[in-house]
Structure formats: structure tokens, C-alpha cells
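In the text below, chain A, chain B and the rest are named by the order of the sequence lines, each starting its count at 1.
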There are 4 protein chains.
Amino acid sequence: MNISSAGDGETSTSPESGHARRRSRSDRVVLDATRELLGESGFGSLTVEGVAARAGVAKTTIYRRYRSKTDLALAVLLDMLEDVSTQPYVEDTTTELIALVNKTVKLMSTTVLGRIMKGLVSEVAADPELAHVYRERVVSQRVADVTVLLERGIARGELRAGLDPEMVTDLLLGPIYYRFFLSGAPMDDDFGKRLVVTLLPAFTA
Amino acid sequence: MNISSAGDGETSTSPESGHARRRSRSDRVVLDATRELLGESGFGSLTVEGVAARAGVAKTTIYRRYRSKTDLALAVLLDMLEDVSTQPYVEDTTTELIALVNKTVKLMSTTVLGRIMKGLVSEVAADPELAHVYRERVVSQRVADVTVLLERGIARGELRAGLDPEMVTDLLLGPIYYRFFLSGAPMDDDFGKRLVVTLLPAFTA
Amino acid sequence: MNISSAGDGETSTSPESGHARRRSRSDRVVLDATRELLGESGFGSLTVEGVAARAGVAKTTIYRRYRSKTDLALAVLLDMLEDVSTQPYVEDTTTELIALVNKTVKLMSTTVLGRIMKGLVSEVAADPELAHVYRERVVSQRVADVTVLLERGIARGELRAGLDPEMVTDLLLGPIYYRFFLSGAPMDDDFGKRLVVTLLPAFTA
Amino acid sequence: MNISSAGDGETSTSPESGHARRRSRSDRVVLDATRELLGESGFGSLTVEGVAARAGVAKTTIYRRYRSKTDLALAVLLDMLEDVSTQPYVEDTTTELIALVNKTVKLMSTTVLGRIMKGLVSEVAADPELAHVYRERVVSQRVADVTVLLERGIARGELRAGLDPEMVTDLLLGPIYYRFFLSGAPMDDDFGKRLVVTLLPAFTA
DNA sequence: GACTAAGCGAGACGGTACGTCGCGTCTTAAA
DNA sequence: TTTAAGACGCGACGTACCGTCTCGCTTAGTC
């Protein structure tokens with residue numbers, strides 16, 4: 001399943017307009033420039049002026065679409081998530097859980113998404129409007145993914161019933177973000193497996 | 001056990017110089033002003049000029065001690081943590097775990113620490129030097145707390161042996177921070193209990 | 001003959017671009033504010049921030065045009081000199097010389113130009129770029145004035161041939177500036193006459 | 001004849017205390033450091049802190065003696081002038097006049113005195129107290145020199161009677177300072193001769 | 001096919017805060 | 001008592017970006 005939609009300027013305020021509006025050339029070039037700059041120097045040194053220069057676009061054009069650099073970064077994030085399909089793995093539940101964790105770890109640590117998240121987390125935490133969009137688009141999607149996974153696991157008899165999908169999501173992703181943002185503890189190839197194996201008794205018993 | 005010491009200028013870069021240097025009057029007044037302003041408007045609108053004005057101190061005096069507003073906020077955070085003793089609870093392990101979670105939730109949602117953390121998380125995530133101090137002072141302390149708790153639990157026969165304290169810490173705090181920073185899901189009075197009860201099978205089996 | 005043109009930002013570095021660029025509203029208001037402040041407190045206490053405040057303009061706007069307060073003061077000076085036409089006097093040469101001296105004395109001692117010059121002289125003396133502009137615009141103009149005056153005097157048979165206009169300028173203005181800047185000796189209404197009468201034998205013999 | 005005296009802190013405010021007070025080691029080391037720094041970077045970049053550092057002396061020590069960097073530079077200037085004896089040349093008056101001009105030119109263009117004067121001229125021009133000292137110590141000395149020279153010339157029958165020594169001083173030094181500070185016109189080896197030869201008819205006729 | 005109106009580039013502008021410099025004052029400790 | 005050392009309040013510096021605002025100049029879309 002995909003994050004289904006746009007992430008243009010308006011979207012960050014008004015959720016969705018039914019059918020995906022075509023993104024214009026300007027939109028594209030601005031988002032690309034932003035992603036490049038985020039990749040090069042991170043969110044902290046992202047400036048609207050810098051994006052305008054890189055994109056060969058006037059500042060006005062950017063402000064017409066995005067209210068702030070935060071909004072812009074969020075748009076890039078949502079734009080990138082469009083392409084991240086959350087394939088339902090048809091294997092056993094343990095493997096699926098490990099895959100979900102590993103995928104998230106990989107996304108954070110190897111793509112520009114990690115830098116964006118590092119920069120955006122404070123903004124999302126502090127700006128209700130931004131938080132709203134982020135939850136609408138990203139958080140709820142994660143919970144939906146986990147819900148599907150849990151239901152399948154229960155159907156297979158691999159998981160116990162009565163699990164709260166939101167809590168499970170917290171338990172799967174919380175440790176990742178905590179390490180990624182704050183503790184700095186490494187997340188090697190083994191991490192996903194260790195996390196899930198540790199958690200498993202909580203999901204099966 | 002207490003976070004034992006200060007957040008003076010040097011500390012934020014070099015851990016500790018053996019015997020605690022006395023904090024000067026300026027230090028105190030600056031930290032207080034910063035905490036007040038953080039409480040009033042949050043990290044985002046914290047400015048060094050504002051702190052200087054509020055503290056009745058020259059900007060230079062602040063810059064002499066703290067390299068940036070981030071450093072300043074960190075100092076406030078460490079300063080506040082000095083007073084947060086992590087009482088060893090003598091009850092059963094489940095209760096201790098719940099208390100630990102609840103205390104963290106409470107600290108984040110009712111004190112200025114929450115605002116500081118919201119503002120600081122992006123900085124810690126992006127600035128290695130800051131991250132180093134944060135881990136040295138805060139993260140490691142949390143793991144130490146949990147280690148003590150786990151050992152006592154194992155000794156009592158309430159927990160299984162072989163638990164990785166770091167992973168357990170991630171599982172206890174990760175969900176809290178994830179909700180606090182990103183998902184926005186509420187953490188009511190029941191939250192700690194639900195979290196720990198869910199996790200318990202993973203710690204006992 | 002007039003000092004023909006402006007003191008806009010560019011001018012202070014590049015002489016002239018053929019046709020006078022229109023001075024914008026900001027230019028005007030900034031120059032006026034600067035002149036006022038120079039008049040009130042002199043060059044020493046002139047600050048860019050003060051000018052910005054007085055002009056109701058952002059500091060950046062000033063820095064966009066002038067690299068420093070020195071540049072700004074120079075612009076005011078050049079701006080004022082636009083209006084100082086060096087009328088060709090049709091009387092006898094002695095009177096013309098006296099008039100030239102008196103006019104300079106008067107300009108220095110009764111207008112804000114004196115304060116500007118007092119503040120600027122050290123800067124012009126020490127900063128080659130500034131010096132270049134000053135010479136291009138002011139010094140050379142004075143020499144040109146004197147040249148015209150000498151030629152007419154020689155044609156009239158009132159002055160000897162072979163006088164070096166530059167040296168004559170030095171002899172007419174040098175004493176003025178020396179008194180004005182350093183010796184502090186008064187320059188009363190009689191001064192011009194005494195100076196010229198003293199010098200005359202050097203110009204006629 | 002020599003500029004006869006001290007130039008210590010007090011001097012710049014109260015003229016003279018009768019007999020030259022011995023200059024202390026601190027005085028010496030501060031003045032030397034100042035002169036060095038003036039020689040290296042000019043008056044514009046002279047700072048009290050820099051002098052203190054170079055002299056290995058506390059800022060306080062400097063402020064105890066000199067009220068400002070201007071005062072300090074003036075002290076160096078006066079200190080240097082102590083060693084500049086204005087030898088009475090026993091040759092003919094024309095030669096003496098040329099020598100006087102040449103000596104001044106040389107002093108300005110080859111020693112640190114030039115740099116000091118360039119920096120100080122604006123201060124002297126704008127600060128009455130400073131001006132007072134400068135005139136007391138330097139200007140009046142020049143006039144005195146010229147007076148002696150003129151008297152001898154008149155006695156020899158080489159100069160006309162009735163010359164105003166102050167005006168003559170203006171005519172000899174004014175052009176030098178004008179070129180040195182403002183016009184930038186070169187003063188080659190010939191300059192003194194040309195100036196005096198030009199002026200001579202004004203002094204003899 | 002010409003005409004208009006929207007969208008855009010360019011960039012000037014008022015503004016906030018930055019982080020730095022050097023000032024001149026003041027306090028502390030050692031000589 | 002004088003000093004070196006240096007912290008401090010202070011004012012201004014010059015810079016970076018912000019977000020807003022004209023300005024023409026394309027460039028479609030409509031008549």
C-alpha cells in the first residue's frame with residue numbers, strides 16, 4: 001500500500017482535494033532542489049533563499065506554495081513517501097515484523113529522509129498544524145500498516161488477539177526513533193531481529 | 001541516583017573536571033531567565049537577546065558560557081535534571097516499571113522539560129557534539145537506572161535473565177518519545193500501566 | 001562649474017556610468033538622515049544604526065548602498081557638493097582668489113561639511129579606495145577651478161606664467177585645512193584677504 | 001630645540017608639572033608596544049586590548065595613564081617628538097626653509113609619525129581637549145621654530161620684515177598636510193625646493 | 001492572431017537576531 | 001599598594017534570512 005497522495009503546498013493545510021492535482025514543473029524543480037540541499041547540508045542549513053537559487057526560481061514562487069522551510073521539508077518528505085510502498089510480506093509474522101523494522105531503519109539511516117526527520121521532529125513536536133498533517137499522512141499510515149500485519153498474524157494464529165495496533169506501532173518504531181534522535185545507539189543489521197525477538201513474547205502469549 | 005552536576009559552559013563540551021566549579025551569580029540568573037522564557041514561549045522563540053534582556057545580563061556574558069541557544073537550553077535541561085533523583089523503588093518490579101514510565105511521561109508533559117526536549121531533539125539529532133553531551137549525561141543515566149531495576153527484578157525472580165538494559169530502555173522510553181514528538185497520541189494516566197503490561201511477557205518469560 | 005554628480009553606492013567605487021542613475025527614495029532619506037545626524041553630533045558619533053533609525057529604514061538597506069559609515073559620510077559630502085557651484089568670478093584675480101579662499105572657509109566653518117571633513121580626513125588619509133574617490137571627485141575639481149582662475153589671470157596679465165595649478169591650490173587650501181584640522185588658529189573675515197595678499201607676490205612677480 | 005616634555009597620561013589634560021617626571025617601566029613598555037602596533041597596522045586598527053597584550057600589561061594599567069587610544073597615540077607622538085630636535089641651520093634662509101619642509105615631509109612619509117598623524121588628525125580636529133594639548137605641544141613649537149628662522153632671515157636681510165610667523169607656518173606646512181591627508185599628490189625630493197622657490201617672492205619682496 | 005491576465009524572475013525592502021569586537025569599569029589575587 | 005588577569009555591561013558592528021512587496025517580462029487562454 002502506498003502513501004497515496006500529493007504533498008503540495010495546500011495539502012499541508014487542507015488535507016486532500018479528492019483527486020491528485022498534477023504537480024507543475026515549478027513544484028518539481030523546487031522539491032528536487034530542496035531534497036538535494038537537505039541531502040547536502042541537512043535541515044538546519046536549509047534556507048528558502050538557497051532553495052530558490054538552486055531551483056532557479058524566485059523566492060516568491062516558493063512562498064506561494066509553502067509557508068515556511070518546514071512546510072517545504074515536509075512536502076519533500078511526503079513526496080518521497082509516495083514512492084515507498086509498504087509491501088505486504090506474505091511470509092510468517094516474525095519475518096514481517098523484522099522486515100518492517102529493518103525497512104524503517106534503512107530508510108532513516110541511508111536516505112535523505114533521515115536528515116529530514118532529524119530536522120523536522122522538533123517542528124512537528126512544536127507546531128500543531130504541522131503535526132496534524134504529519135499524523136494524517138505518516139503516523140496513521142504506519143498504524144494502518146501494523147494493523148494489517150497484526151490482523152494477518154492473528155488470523156494465522158501467530159499472534160494473540162487483543163493487541164492494540166497503536167501500542168504495537170509505538171513498540172516497533174519508538175525504539176528506532178529514540179536511538180536515531182537521542183540515544184545514538186547503533187542499529188546494525190541485527191537490530192531488527194533482536195528487537196522483534198525480544199518483543200515477540202509480548203505479542204504471542 | 002542523581003545526575004550529579006552542572007551545565008556550565010565547559011561542561012557542555014568537556015564532561016567534568018573532578019570537583020564541581022561553583023556556579024556564579026550570572027550563571028544562575030541566565031539559566032533562570034532561560035527556563036522562564038522556555039516555559040513561556042518554547043524553544044523555537046528562544047533568543048539569546050531575549051535571555052540577556054530577561055536576565056539583565058549582556059549578550060556577551062551568555063556567549064562567554066554557551067556557544068548557542070541550543071547549548072543554553074541543554075544547560076537548563078541538565079540543571080533541572082540535577083534535582084530529579086531516580087528513587088530506587090522497593091516495591092515489585094511491575095510497579096517500578098510503571099512508575100518509571102509514568103515519571104518520564106509526567107516530566108515531559110507537565111514541566112518545561114517537555115518544551116526543552118521538543119526543541120532540543122532536532123539539535124541533538126543533528127549536532128554530534130551536543131549529542132555526545134546529551135548521551136553522556138542523560139541517556140547513559142537512564143540506562144543505568146534501568147540496569148539497576150532489572151538486576152533487582154532478576155534477583156527477585158520477577159524478570160528473566162539475559163535482558164539487554166539498553167534494549168529495555170528503548171522499549172520503555174521509545175514509545176513515550178515517539179508519542180510525545182511525533183504521533184501525538186495521548187498518554188493518559190493509564191498509559192504507563194498499559195505499556196508495561198503489554199511488555200511484561202517479553203521481560204519475564 | 002559644478003561637481004556634476006551623485007554619491008550613490010556604486011559611485012563611491014566606480015566613478016560614473018554615463019547617465020546619472022535616478023536616486024531612489026531610500027537614497028534620499030538616508031542621505032538626509034545622515035546629514036542631520038552629522039550636523040547634530042558629528043562624524044564620531046555617527047552610527048549606521050542611528051542613521052537607519054532616523055531614516056526609518058532598515059540597516060540592511062544602508063549596507064546595500066554604502067560599505068561603511070565612512071562611505072555614507074562621503075556620499076553626503078559629494079551630495080552636498082553637487083549644489084556648490086564654483087561660479088567663475090568676472091572681477092580681478094586678487095578678488096577672485098580671496099573669494100575662493102573665503103568661500104572654502106565659510107563652507108568648512110558654517111555648514112555640516114566642516115564636521116564631515118573633520119571626521120573624514122583620517123579615513124581618506126588611511127583608506128586608499130576612499131582616497132581615490134575623494135580625489136577623483138573633490139581634489140581634482142579644486143585644481144580644475146584654480147586652473148581656470150590662473151589661466152584667466154595670466155591672460156589678463158595679472159599673474160605670471162608658469163604657475164603650477166596644483167601647487168597654487170596647495171598654497172590656497174593647505175593653510176585653511178591646516179588651521180581647520182590642526183592648528184585651530186582662527187579664520188576671521190580678514191583671513192582670506194591676508195592670505196592672498198601675502199601670497200600675491202609669489203603669483204605675480 | 002626640542003619638544004621638551006613628557007606626554008604621560010596627565011599631560012594630555014594638565015599641561016606640565018614643572019619638571020619632567022621620570023617615565024616608569026610600564027610607561028615605556030606601553031608606549032613601545034603602541035608604537036610598534038601603530039607601525040604595523042595603523043591607528044585605525046589600534047586597540048587598547050591589543051596594546052595591553054603586546055606590552056604584557058593589564059588593560060587597567062593603560063587606562064590608569066591614558067583615557068583612550070587617542071590619548072595613547074598622542075603620547076607616542078609626543079614621545080617621538082622628544083627626539084626630534086629642530087636644529088637651527090646656519091646656512092642661508094632659502095636652504096633653511098627647504099630643509100624645514102623636507103624634514104617635515106620625511107618625518108611624515110617615512111616614520112610611524114605619518115601613520116599616527118593620519119589617524120589622529122580627525123581626533124584632534126574634533127576633540128577640543130586633545131586639540132589643546134596638540135597645539136600646546138606641537139603647533140606652537142612649529143610656529144616658534146619658524147619665528148626663529150624668520151627673525152634670523154630678516155636680520156640677514158634675506159627676508160622682508162612684517163611677516164606673520166603663523167601665516168608663514170601655514171604656508172610651509174599647510175601644503176604638506178594637505179597633500180599628505182587629502183590630495184595624495186606626491187612629495188618627491190624636489191617638492192620642498194619647488195614649494196619654497198614658489199613662495200620666496202612672498203617672503204622677500 | 002491579438003489581447004489580456006496570470007504566473008514568474010528578479011530583487012529591493014523593513015525587520016529580527018545573529019555572533020563578534022572592543023570599549024571602559026570593576027573585582028580578585030598575588031607580589 | 002600596585003599590578004595582571006579577566007569577567008562584565010554595553011553599544012555597535014556587519015551578516016544572514018526572513019517574509020512582503022513591487023516591478024517588468026513571458027506565456028498561455030480567450031475572444
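Using modelled atom types, one side-chain atom of B:S122 and one backbone atom of A:S122 make a donor-acceptor pair closer than 3.5 Å.
Relative to the side chain of B:E49, the nucleotides E:dC23, F:dA12, E:dA17 differ in distance, and E:dA17 lies closest. Closest to the side chain of A:A58, out of E:dG9, E:dC23, E:dC18, is E:dG9.
Classification of C:K118 and D:D127 as a salt-bridged pair fails, no side-chain N sitting under 4.0 Å from a carboxylate O. Between B:D79 and B:R28 a salt bridge is recorded (basic side-chain N to carboxylate O distance below 4.0 Å).
A donor and an acceptor atom never sit less than 3.5 Å apart when one is taken from the side chain of C:T61 and the other from the base of E:dA12. The base of E:dG15 is paired with the side chain of C:T60 by a donor and an acceptor separated by under 3.5 Å. The base of F:dG19 is paired with the side chain of A:K59 by a donor and an acceptor separated by under 3.5 Å.
Rounded to whole Å, the distance from OH on B:Y63 to P on E:dC18 is 5 Å. Between B:R65 atom CZ and E:dG19 atom C1' there is a gap of 17 Å when expressed in whole angstrom units. Regarding D:R54, its CZ atom lies at a distance of 16 Å from the P atom of F:dA5, rounded to whole Å. For the pair D:D71 CG and E:dC23 P, the computed distance is 14 Å after rounding to whole Å. One interatomic measurement links the two molecules: CG of A:L72 to P of F:dG19, which rounds to 11 Å at whole-angstrom precision. One can place OH of B:Y66 at 17 Å from C1' of E:dG19, the figure rounded to the nearest angstrom. A straight line from CD1 of A:I62 to P of F:dC17 spans 14 Å, rounded to a whole angstrom. The distance between atom NZ of C:K69 and atom C1' of F:dC13, rounded to the nearest whole Å, is 11 Å.
Contact annotation: A:R64 side-chain N/O to E:dC8 OP1/OP2 distance is under 4.0 Å.
Checking C:V48 against A:S45, the closest nucleotide of DNA chain F that is more toward the 5' end is the one next to C:V48.
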Go through D:L120 and C:F181 one step at a time and tell me if the side chain to side chain contact (heavy atoms under 4.5 Å, CB included) criterion holds. CA-CA 10 Å; D:L120 229 44; C:F181 294 145; over 6 Å; no
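Across all their heavy atoms, B:V30 and B:A55 have their closest contact at CA-CB, 4.1 Å.
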